[in-house]
Amino acid sequence: MKPNLRTKRRNLPVSWWMTCQFLSVSLVLFFSGLLWFSLTGCQVLKILSTSQKWSENYVLTSGTTSNDPAMIDGNLETIGETKYIESTSKQTVRGFMVPSEGIVMLPKPKSIKKIIIHSQNLQSFDLFILESNGNWKHTKEVKNIIQRPYNLILNVPIYTAGLKIRVNKTSDDDALRRQNVRKIQGVSMFSGHTKALAKINEIEAYGFVESVVQ
């Protein structure tokens, strides 16, 4: 007597039977998903097809200020200069060695991802951002600038209304030091600053604007 179909199914290995069941469920899910996508595919593509582009230059927003307006006037032909930090010991060695800063204040906070600095003599600086409590927070140190203009792409966007560039080194430092430092009987005599001002044509700041590809 030949075994019927039900008997054969009971005699099949368990692993093979579970495989068949899994494949059946997978096929049902696949075709269900295919049907859903065919009905809603256009809307899904519109959502997924988003691209990011740079915003307008935030620095050119009306109401932006700087400690030298020439650095934010939108004109690359004009040259602004950073300003020395005020020191209580102006006529001492410490006072002559203070760094200079370039400050940009936006009318309201923005999420900033990219900063461009147009300068021919800036070589190294520290970037500070203004926090909501009014304090300046050190954000990044930049060394050995070669690229002109210098493009700083931040790893994470910073939300702030203030940017401060504290100059650590310029290509004019050595010449200024030779001019203002003299050695007399082995003693260095200071007659002026030893760190040159950074000459900055323009500072730019950008964020991301999301746009949907039609």
Side-chain angles (χ1 to χ4, degrees), residues 57-107 109-110 112-131 134-154 158 160-184 187-206:
N57 180 9
Y58 293 142
V59 173
L60 297 182
T61 303
S62 177
T64 301
T65 60
S66 172
N67 59 347
D68 191 328
M71 294 190 294
I72 60 167
D73 61 1
N75 183 359
L76 291 174
E77 299 300 319
T78 59
I79 301 176
E81 288 185 328
T82 52
K83 307 301 180 185
Y84 288 116
I85 297 175
E86 290 292 331
S87 174
T88 57
S89 53
K90 295 181 180 179
Q91 302 304 316
T92 67
V93 172
R94 180 176 297 180
F96 290 136
M97 296 178 68
V98 296
S100 62
E101 298 177 336
I103 300 174
V104 176
M105 298 296 299
L106 303 175
K110 294 288 186 179
I112 298 172
K113 175 68 175 176
K114 177 172 70 170
I115 300 171
I116 301 178
I117 303 175
H118 298 262
S119 174
Q120 292 303 312
N121 74 338
L122 182 62
Q123 293 183 331
S124 174
F125 69 91
D126 285 302
L127 175 67
F128 293 78
I129 64 169
L130 185 65
E131 297 184 299
N135 295 328
W136 289 99
K137 177 184 177 181
H138 182 265
T139 302
K140 189 173 182 64
E141 181 181 10
V142 177
K143 298 180 178 180
N144 303 320
I145 296 175
I146 299 176
Q147 177 191 10
R148 310 286 176 180
Y150 179 71
N151 286 262
L152 173 59
I153 307 294
L154 299 166
I158 52 176
T160 184
L163 299 173
K164 179 192 289 186
I165 296 169
R166 180 170 292 173
V167 180
N168 292 326
K169 185 179 181 181
T170 76
S171 57
D172 298 323
D173 287 355
D174 290 342
L176 185 64
R177 185 175 179 85
R178 287 193 296 269
Q179 173 185 321
N180 292 332
V181 181
R182 294 284 187 272
K183 280 195 174 183
I184 300 176
V187 178
S188 296
M189 305 296 293
F190 292 75
S191 59
H193 288 285
T194 60
K195 293 185 176 183
L197 299 175
K199 300 181 184 299
I200 299 178
N201 302 70
E202 204 70 22
I203 298 175
E204 305 174 29
Y206 300 87

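Annotation: salt bridge (Lys or Arg N to Asp or Glu O under 4.0 Å) contacts of Arg177 (sequence neighbours excluded): none. Under the salt bridge (Lys or Arg N to Asp or Glu O under 4.0 Å) criterion, Lys113 pairs with no residue, sequence neighbours left out. The ring pair (Phe, Tyr, Trp, His ring centres under 6.0 Å) search around Tyr58 returns none, not counting sequence neighbours.
In this structure, Arg148 contributes its side chain and His118 its backbone to no donor-acceptor pair below 3.5 Å.
No side-chain N or O of Thr78 forms a donor-acceptor pair with one of Asn75 less than 3.5 Å apart. A donor-acceptor contact closer than 3.5 angstrom links the side chains of Asp126 and His138. For Ser171 and Asn121, the side-chain atoms include no donor-acceptor pair closer than 3.5 Å. Side chains of Tyr206 and Glu204: a donor-acceptor N/O pair is present below 3.5 angstrom, by distance only.
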Evaluation steps, side-chain contact (heavy atoms from CB on, under 4.5 Å), between Ile165 and Phe128:
CA-CA 7 Å; Ile165 296 169; Phe128 293 78; over 6 Å; no
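Residue Thr170 is tested with Asp172, Asp174, Asp173 for a side chain to side chain donor-acceptor pair (under 3.5 Å); the sole match is Asp173. Just one residue in the list Leu163, Ile72, Ile203, Val59 forms a side-chain contact (heavy atoms from CB on, under 4.5 Å) with Ser66, and that residue is Ile72.
Using the six-membered ring where Trp is involved, Phe96 and His193 have ring planes that are perpendicular, over 60° apart on the 30 and 60° scheme.
For the pair Ile116 and Tyr150, the minimum side-chain heavy-atom distance is 4.5 Å or more.
More than 12 non-hydrogen atoms from other residues, nucleotides or ligands lie less than 6.0 angstrom from CD of Gln147.
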